[in-house]
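Down below is the structure, laid out as structure tokens.
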Amino acid sequence: MPELPEVEVTKLGISPHIEGQRISAVKILDGRLRWPVPNALVKLLPGQTVLAIQRRGKYLLLEFEKGYLLLHLGMTGTLRVLPSKETLKPHDRVVFEFGRISLRLHDPRKFGAVLWHSKKSGPIESNSLLQKLGIEPFSAEFAGDLGAEVLYQHSRGRSVSVKQFLLAGQAVVGVGNIYCSECLFDAGIHPAKPAGKLTRPQCIRLAHAVRSILHKAIRAGGSTLSDFVNSDGEPGHFTVQSKAYDRKGLPCKVCKTPIQQIVQGQRSTYFCPQCQKR
DNA sequence: AGCTCAACCTGGCTGC
DNA sequence: TGCAGCCAGGTTGAGC
């Protein structure tokens, strides 16, 4: 379930266990993910220590002495810290051993990614996958009125719907398909409105909604962190209830009008035709 | 450059 | 019960 909040919660969950820890072994059980998992990792990583863990958009960046491990969870990926002796599950794809604990990428649909960025090839910011990402929603550059200005300027001249514009992550990163519907509901903006027609007041409301919705989701996910190291807990298992997503035909929680579902860019969008205006 | 859409892959659910 | 068909949290890359 990985949108930005799930990735952030995963980062918070694994960091205390593996930051400062040294890799003892890497096992690639099935390396046929989004891109092939580099076999070189099996020789390269053992002996190296996790210096820091950062998140950029929906990517997790594990910094080592010689470079960065880029992890992406795709549609169905989860990362768990487990006792090394714990038996492997079907769809466990890559295992990073740290002595008595292991970090495991579980990814049924194999849309995730495990890549290596050597420090020899330049700073991590120069990585081609990261370079095209928009601004972080919790950065100073997106705070307050700056966030609204980012959305306003990036959307000028764009004919795509605001739903697709926001989901693309070129202006601000981290809003996936679920939270996109939620943010537009919160901001009272019709998802089919062309991005280029967004008004400044709408951008102000949307920027606020993005920060607020993502922040609430992270807070809710944080409550599941206590049992991160065991085989049963599911990180990214949120109790925040949606106001629009997956509520087709159900009454809007504000005005009781039935929530509508449409398809935009091959993805479902849910909205209230009464509360959300073009 | 921007837009649309197929593709990657597997599992779960719906409906016949 | 079996099976075809559709849907699913992300992202790239091809072809206009």
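Here is how names work: the chains are called A, B, and so on, in the same order as the sequence lines, proteins then strands, and each is numbered from 1.
- Between A:Tyr270 atom OH and C:dG9 atom C1' the separation is 12 Å, expressed in whole Å.
- In this structure, A:Arg158 reaches the B:dC3 phosphate: one of its side-chain N or O atoms is under 4.0 Å from OP1 or OP2.
- No more than 12 heavy atoms of other residues, nucleotides or ligands lie within 6.0 Å of NZ in A:Lys27, so this atom counts as exposed by the packing criterion.
- Separating the P atom of C:dC6 from that of B:dA6 is a span of 14 Å, rounded to the nearest Å.
- Following rounding to the nearest Å, A:Leu167 (CG) and B:dC5 (C1') show an atom-to-atom distance of 14 Å.
- Summarising the geometry, the separation between CG on A:Leu29 and C1' on B:dC9 is reported as 17 Å, rounded to the nearest angstrom.
- A:Thr76 has no side-chain polar atom (N or O) that falls below the 4.0 Å cut-off from OP1 or OP2 of B:dG11.
- One finds a side-chain N or O of A:Ser159 lying less than 4.0 angstrom from the OP1 or OP2 phosphate oxygen of B:dC3.
- Within a 6.0 Å radius of NE2 in A:His190, more than 12 heavy atoms belonging to other residues, nucleotides or ligands are found.
- Between the side-chain ring of A:Phe111 and the base of B:dC8, a stacking contact exists by the 5.5 Å and 30° definition.
- The same atom, P, is picked in B:dC5 and in C:dC7; the two are 15 Å apart, to the nearest Å.
- Other residues sharing the hydrophobic cluster of A:Ile262, ordered by chain and number and joined by side-chain separations under 4.5 Å: A:Phe271.
- The side chain of A:Arg267 contributes an N or O atom lying less than 4.0 Å from OP1 or OP2 of C:dG9.
- Taking only side-chain atoms of A:Val160, from C-beta outward, the nucleotide of B:dT4, C:dG9, C:dT12 with the closest atom is B:dT4.
- Atom pair A:Lys58:NZ and C:dT12:P shows a separation of 10 Å (rounding to whole Å applied).
- Proximity of A:Lys110 to the phosphate of B:dC8: no side-chain N or O atom is located under 4.0 Å from OP1 or OP2.
- Rounded to whole angstrom, the span from the CG atom of A:Leu129 across to the P atom of C:dG10 amounts to 16 Å.
- Each of A:Leu133 and A:Arg109 was assigned the nucleotide of DNA chain C with the nearest heavy atom; the assignment lying further toward the 5' end belongs to A:Arg109.
- Comparing C:dG9, C:dG13, B:dT4 by their nearest atom to the side chain of A:Trp35 picks out C:dG13.
- For C:dT11, the OP1/OP2 oxygens have no side-chain nitrogen or oxygen of A:Lys132 closer than 4.0 Å.
- Checking C:dA8, C:dT11, C:dT12 against the side-chain heavy atoms of A:His72 singles out C:dT11 as nearest.
- C:dG10 and B:dC8 make up a base pair, with Watson-Crick or G-U wobble contacts both under 3.5 Å.
- The side chain of A:His91 lies closest to B:dT10 when the candidates are C:dT12, C:dA8, B:dT10.
- Side chains of A:Glu97 and A:Ser24: no donor on one and acceptor on the other come within 3.5 Å.
- Atom NZ in A:Lys248 sits about 14 Å away from atom P in B:dT14, given to the nearest Å.
- Protein atom CG of A:Leu70 is 13 Å distant from nucleotide atom P of C:dT11, rounded to whole Å.
- No side-chain heavy atom of A:Tyr68 sits under 4.5 Å from any side-chain heavy atom of A:Leu62.
- Heavy-atom contacts from other residues, nucleotides or ligands closer than 6.0 Å to CG of A:Asp30 number more than 12.
- Atom-to-atom, CD of A:Gln264 to C1' of C:dC7 comes out at 17 Å; the value is rounded to the nearest Å.
- For C:dG9, the OP1/OP2 oxygens have a side-chain nitrogen or oxygen of A:Tyr245 closer than 4.0 Å.
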